[in-house]
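Just follow the structure's listing: the first ligand is 1, and inside any ligand the first atom is 1.
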Amino acid sequence: MAKILGGIATSHIPAIGMAMDKQLEQTPYWKAFFESYPPIREWLNAQAPDIAIIFYNDHGLEFFHDKKPTFAIGAAPEYHNADEGWGIQPIPPVTGETELSWHIINELIAAEFDITVCQEMRVDHGLTVPLTLMWPGHQYGHVKVIPIAINCERHPMPTPARCFKLGQAVGAAVHSYTGSEKVIIMGTGGLSHQLDGERAGFINKPFDLYCMDKIVHEPEALTRLSIHDLVREAGAQGVELNMWLAMRGALEGGVLTELHRSYHLPISNTGAGVQLLAMNEG
Ligand code: DHB
Ligand code: FE
C-alpha cells in the first residue's frame with residue numbers, strides 16, 4: 001500500500017518564482033515570506049517522498065477558455081514549464097509518474113469522476129512555483145509528480161464540496177495502490193486575491209485565517225461554501241481555495257497534525273498562506 005505522508009498547501013504567486021530566480025529572498029519585501037519555508041523543506045527532506053500529487057489550476061497556458069476541463073490529470077513521463085509573464089529563466093522539466101497516475105485515473109473514473117486524461121501537458125506557475133519553493137534551485141527532479149488541474153478560471157467551476165470529494169477519491173486510490181511509494185499531496189493557489197475588475201487588489205485576511213483554521217479539523221465548514229461565497233469573501237481568484245480543499249480531502253481517514261502555518265499579506269496581490277499537515281494513517 002502506498003503511504004500518504006501528509007499535505008502541503010501554499011500560494012503559487014508568479015512573483016515568488018521571479019524573486020527566487022533573482023535571489024531576492026533576503027530583501028525587506030520578501031524576507032518574512034521566505035522564512036516560512038525552511039521548516040517545510042526540512043520535513044520534506046526527512047520524509048523523502050517519492051511522489052507528489054499536486055492539485056493546481058492551469059491559468060490558461062494549457063487549457064484556455066475555449067477548452068476547459070473541470071478536472072484534468074497528467075499521465076506523462078515529463079512536464080515542461082510554459083509560464084507567462086515575468087521572464088522566468090528556462091527551468092528544468094518536472095519528472096512525471098505514470099503507474100500510480102493510471103491507477104488513480106482508473107479509480108477516479110470508476111468512482112464517477114470523469115476526469116480529462118493528459119498524456120502530454122504543459123504546466124505553469126500553479127505547479128512550478130510551489131515545487132521550486134519546496135526544492136529551491138529547481139532541485140525537484142527526483143520527485144515524481146502527478147499534476148491534477150482544477151478549473152478556477154471560467155464559470156461554471158466545481159464546488160468546494162466537489163473538489164473535497166475529488167481529493168477523497170484520490171486519497172482512496174493511493175491507499176488501494178499496491179506499490180510501497182511515499183506520497184505527499186499538495187494544493188496550490190489562494191488565498192484571497194482578485195486580479196482584475198472593480199475589486200482588483202481585494203484581500204480578506206479574516207476570511208483567509210478562518211480558512212486556515214477550518215481546513216485542519218473542520219473542512220466541512222469550507223465545503224458548505226458555494227463558488228459565489230468564495231468570490232464574494234476571497235475575490236475572483238480566491239476560488240483557488242478549491243485546491244487546498246482537494247488536498248485536504250486526500251488526507252481523510254488519518255490523524256492529522258498541523259506542523260506549520262504562516263500567512264503574509266500582501267505578496268503581490270494576494271494573501272499568501274502556507275500550511276503543512278502531517279498524516280498518521282494509523
Ligand atoms: C497572482 C496570484 C496568483 O494566484 C496568480 O495565479 C497570478 C498572480 C498575484 O498575486 O500576483
Ligand atoms: Fe493563481
Spacing of Glu78 atom CD and Lys144 atom NZ [to the nearest 0.5 Å]: 13.0 Å

Ala15 touching ligand 1 at heavy-atom level, < 4.0 angstrom: no

His155 and His228 aromatic ring geometry - parallel, tilted or perpendicular at 30°/60° bounds: parallel

Residue, atom name and distance, where the atom is the protein heavy atom closest to atom 5 (C) of ligand 1: His125 NE2, 3.5 Å

Glu240: numbered ligand 1 atoms lying under 4.0 Å from its heavy atoms: 4 (O), 6 (O)

Heavy-atom nearest neighbour in the protein, as seen from atom 8 (C) of ligand 1, with distance rounded to 0.1 Å: Pro14 CD, 3.3 Å

Contact check: His12 to the Fe ion (ligand 2), N/O/S below 2.8 Å: yes

Geometric class of the Tyr140/His138 ring pair [parallel <30°, tilted 30-60°, perpendicular >60°]: perpendicular

Candidate with minimal heavy-atom separation from atom 3 (C) of ligand 1, of Gln237, His193, Gln194: His193

Protein contact of atom 10 (O) of ligand 1 - nearest heavy atom, named by residue and atom, plus distance: Thr270 OG1, 2.6 Å

Lys/Arg N to Asp/Glu carboxylate O, Arg261 vs Asp213, below 4.0 Å: yes

Charged N-O contact under 4.0 Å between Glu35 and Lys31: yes

Electrostatic pair Glu153:Lys68 at N-O distance under 4.0 angstrom: yes

The Fe ion (ligand 2) contact by His193, N, O or S atom under 2.8 Å: no

salt_bridge(Asp208, Lys205) N-O dist < 4.0 Å: no

Shortest protein contact, atom 9 (C) of ligand 1 (heavy atom only): Ser268 OG, 3.4 Å

Opening angle between NE2 in His59 and OE2 in Glu240, taken at the Fe ion (ligand 2), to 10 degrees: 90°

